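First the structure, in the form of structure tokens, and then the observations on it.
Reckoned from all heavy atoms, side chains included, excluding hydrogens, waters and symmetry mates. As the structure lists them, so they are numbered: ligands from 1, and atoms in each ligand from 1. For the single chain, residues carry numbers from 1 onward in sequence order. All values derive from a computational prediction rather than experimental measurement.
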Amino acid sequence: MKAVIYTKYGGPEVLQIKEIEKPAPKDDEVLIKIYAVSINDWDWGLLHGDFINRLLNGFTKPKRKILGSDIAGQIETVGKNVTKFKTGDNVYGDLSGQWGGFAEYTCAGEKKLALKPSGMSFQEAAAIPQAAMLAVQGLIDKGSIHPGQKLLINGAGGGVGTFAVQIAKLYDIEVTGVDCTSKLEMLRSMGFDHVIDYTQEDFTKNLQCYDLILDVKTNRSMFDYTRVLSRNGVYITVGGSLPRLLQALFLGPLISLISKKHIRIVALKTNKDLLYMNDLFEAGKINPVIDGSYQLHEVSDAFRLFGKGEHKGKIVITVTNPHTL
Ligand SMILES: NC(=O)c1ccc[n+]([C@@H]2O[C@H](COP(=O)([O-])OP(=O)(O)OC[C@H]3O[C@@H](n4cnc5c(N)ncnc54)[C@H](OP(=O)(O)O)[C@@H]3O)[C@@H](O)[C@H]2O)c1
């Protein structure tokens, strides 16, 4: 089978398309023919081998050589202990921890997968798992979002932000999005009530206050964020700068104690809310935002676009087009 592999840490140029052996599922796994896979920020970290990701995937060189966690495809073979799925089922899910998505086939445990609704394309399904789970778990589980609130999303035009605004709108919430100039039009068209261009304006210095802040960049001090949180407001970080995340971890409890403002960190529970996403999709309430149309041999180009931050929503790679089989 074809797979995009990397044998050393580096930029998109270290990704190579190779012919490798097709994997075989263990008794509790299924073999999936992958139709689509999306790029996540975590793939970018694993590609470059920052400190945390070297702890996970090897200090000197990557142990797991195929990136890609969010996949959608069709089950080709089931292991003998698999009970949830059968051959021919269309599935999707987040395989982070094992990765292996930038390939024509991969194996996965059944707990990591959900059935794909028939009206959802494989590209839409591959866009959902990590970004949508972070948005749901940030806003609902950590933020206890409720009607009438004012929400600000920092880093609004990427994967998490474009799901988060759609979830927020289910609660009749006023939403402000912060991103760069080129993404503001898209944000407005998606239903953001207000947009802020971070190249022109610092939202932590204006006079607005928010009940909820969902942050995918975490590039300011916790004191800056609490300044623009209303009383009992909640700041939720899903990721970003490591020093700032450590500040959130250690200062958060103290800030809550003295200011009645709350700092919370999302620890991703992979695939937890996929069935909820299926319900929202089937009810027409969620529409994944997909940037571009890439093939497997164009993965390096897709990563370059991701690295520049120029993508809108999720970058999805079509591995095999089911209509051309
Ligand atoms: N908590 C967990 O367990 C967990 C697990 C996996 C991933 N994560 C985290 O989840 C996040 C993934 O978010 P995502 O998929 O939405 O990323 P993304 O698709 O890269 O989107 C990030 C957006 O932020 C914008 N941006 C860049 N600099 C900014 C700034 N200074 N101010 C405001 N916006 C800015 C980017 O646009 P421009 O660059 O064009 O400006 C882009 O539109 C990452 O932080 C990742 O580390 C967390």
Ionic contact status for Lys272 with Asp141, cut-off 4.0 Å: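 Yes, this pair counts.
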Do Glu29 and Lys112 meet the salt-bridge criterion of a basic N to acidic O distance under 4.0 Å?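 No salt bridge links Lys112 with Glu29.
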Look at [atom] and say which protein heavy atom is nearest, naming residue and atom and giving the distance to 0.1 Å.
atom: atom 6 (C) of ligand 1; result: Gln130 OE1, 3.4 Å
atom: atom 44 (C) of ligand 1; result: Asp41 OD2, 3.5 Å
atom: atom 21 (O) of ligand 1; result: Gly158 CA, 3.3 Å
atom: atom 22 (C) of ligand 1; result: Val216 CG2, 3.8 Å
atom: atom 41 (O) of ligand 1; result: Tyr198 OH, 2.4 Å

Please determine which of Lys314, Glu124, Met190 meets the side-chain contact (heavy atoms from CB on, under 4.5 Å) test together with Val289.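 That would be Met190.
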Which of the ligand 1 atoms, numbered from 1, are nearer than 4.0 Å to a heavy atom of [X]:
X: Gly240; value: 45 (O)
X: Ala267; value: 3 (O)
X: Asn154; value: 32 (N), 33 (C)
X: His311; value: 18 (P), 19 (O), 20 (O)
X: Asn219; value: 30 (C), 31 (N), 32 (N)
X: Lys183; value: 36 (C), 37 (O), 38 (P), 40 (O), 42 (C), 43 (O)
X: Val266; value: 1 (N), 2 (C), 3 (O)
X: Asp179; value: 23 (C), 24 (O), 25 (C), 36 (C), 37 (O), 38 (P), 41 (O), 42 (C), 43 (O)

Determine whether any heavy atom of Phe306 lies closer than 4.0 Å to an atom of ligand 1.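 Yes.
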Regarding Lys116 and the six-membered ring of Phe122, is the cationic atom NZ or CZ under 6.0 Å from the ring centre and inside 45° of its axis?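 Yes, Lys116 lies over the aromatic ring of Phe122.
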Geometric cation-pi criterion, Lys65 with Tyr6: 6.0 Å, 45°: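 Pair Lys65/Tyr6 does not count as cation-pi.
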Could you tell me whether [X] and ligand 1 have an N or O pair separated by under 3.5 Å?
X: Gly159; answer: yes
X: Asn40; answer: no
X: Val238; answer: yes
X: Ala131; answer: no
X: Val160; answer: yes
X: Leu134; answer: no
X: Lys217; answer: no
X: Leu268; answer: yes
X: Lys308; answer: no

Heavy atom under 4.0 Å from ligand 1: found in Lys312's side chain, backbone, both, or neither?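 Within the 4.0 Å criterion, Lys312 makes no contact with ligand 1.
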Ring-plane angle category for Trp42 and Trp99, please: parallel below 30°, perpendicular beyond 60°, tilted otherwise.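 If you compare the ring of Trp42 with that of Trp99, the planes turn out perpendicular.
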Near-ring test His311/Phe306, centroid separation under 6.0 angstrom: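 Under 6.0 Å, so yes.
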Centroid-to-centroid, Phe303 to Phe102, below 6.0 Å?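 Yes - the distance between ring centres of Phe303 and Phe102 falls below the 6.0 Å cut-off.
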Closest by any non-hydrogen atom to atom 24 (O) of ligand 1: pick that one out of Ser182, Gly155, Ser241, Gly45.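 Nearest option to atom 24 (O) of ligand 1, by heavy atoms: Gly155.
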Have a look at Gly309, Gly313, Gly138 and point out the one with the heavy atom closest to atom 39 (O) of ligand 1.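 Looking at heavy atoms only, the winner is Gly309.
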Nearest heavy-atom neighbours spanning [X] and [Y]:
X: Ala135; Y: Phe163; value: CB-CB, 4.0 Å
X: Lys285; Y: Leu170; value: CD-CD2, 3.7 Å
X: Thr176; Y: Phe192; value: C-CD2, 3.7 Å

Side chain of Gln137, backbone of Lys269: donor and acceptor closer than 3.5 Å?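 Yes, the answer is positive, given that a donor and an acceptor are paired below the 3.5 Å cut-off.
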For the side chain of Lys261 and the backbone of Thr226, is there at least one donor-acceptor N/O pair under 3.5 Å apart?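 Yes: the side chain of Lys261 pairs with the backbone of Thr226.
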Can you measure from CG (Leu246) to OG1 (Thr218) and round to the nearest 0.5 angstrom?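 Interatomic distance, Leu246 CG to Thr218 OG1, rounded to 0.5 Å: 11.5 Å.
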Do Lys312 and Asp291 pass the salt bridge (Lys or Arg N to Asp or Glu O under 4.0 Å) test, and can you show the C-alpha distance, the side-chain angles, and the key distance before you say yes or no? CA-CA 6 Å; Lys312 292 177 179 142; Asp291 196 329; over 6 Å; no
